[in-house]
Colleague: 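Handing you this structure, nothing more for now.
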Amino acid sequence: MAKRIPKINEEDCIACGNCEQVCPGVFRLNESLGHSEVINSHGAPEDEIQQAIDQCPAQCISWEEEGS
Ligand code: SF4
């Protein structure tokens with residue numbers, strides 16, 4: 001089974017920082033760029049990443065098939 005990785009739609013990100021708070025092993029708020037980044041796709045269990053996805057106020061984090 002292919003692994004899923006989180007992807008941020010950077011244009012929609014409002015740089016609130018919640019994803020980094022929920023899941024700092026995967027997401028980091030890049031204040032100079034004005035949006036968050038995925039720093040390590042596999043830096044946390046999927047349910048923790050899912051929590052960050054569910055809580056994103058801009059709903060701009062989604063799952064992607066790895067390698068797509
Ligand atoms: S939770 Fe969503 S809107 Fe907030 S910084 Fe993360 S990706 Fe951006």
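Counting starts at 1 for both ligands and their atoms, following the listed order.
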Colleague: Can you tell which of Pro24, Cys13, Ser36 makes a side-chain contact (heavy atoms from CB on, under 4.5 Å) with Cys19?
Modeller: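 Testing each of Pro24, Cys13, Ser36 against Cys19, the sole residue satisfying side-chain contact (heavy atoms from CB on, under 4.5 Å) is Ser36.
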
Colleague: Under 3.5 Å, is there a donor on one side chain and an acceptor on the other for Asp54 and Gln50?
Modeller: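 A pair is found: one side chain offers a donor N or O, the other an acceptor, under 3.5 Å apart.
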
Colleague: Please enumerate all residues that pass side chain to side chain donor-acceptor pair (under 3.5 Å) together with Gln55, with sequence neighbours excluded.
Modeller: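 Asn18.
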
Colleague: Is there side-chain contact between Val38 and Phe27, with at least one heavy-atom pair below 4.5 Å?
Modeller: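 Side chain of Val38 against side chain of Phe27, heavy atoms only: contact under 4.5 Å found.
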
Colleague: Under a 3.5 Å distance rule, please check whether Glu20 uses its side chain to pair with a backbone N or O of Leu29 as donor and acceptor.
Modeller: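 Looks like yes, one N/O pair under 3.5 Å.
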
Colleague: With a 4.5 Å cut-off on side-chain heavy atoms, are Asn40 and Val26 touching?
Modeller: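 No, every pair of side-chain atoms sits at 4.5 Å or beyond.
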
Colleague: Might you list the protein residues in contact with ligand 1, defined as having a heavy atom under 4.0 Å from one of its atoms, sorted by chain and number?
Modeller: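 Contacts of ligand 1 under 4.0 Å: Cys13, Ile14, Ala15, Cys16, Gly17, Asn18, Cys19, Ser36, Cys56, Pro57, Ala58, Cys60, Ile61.
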
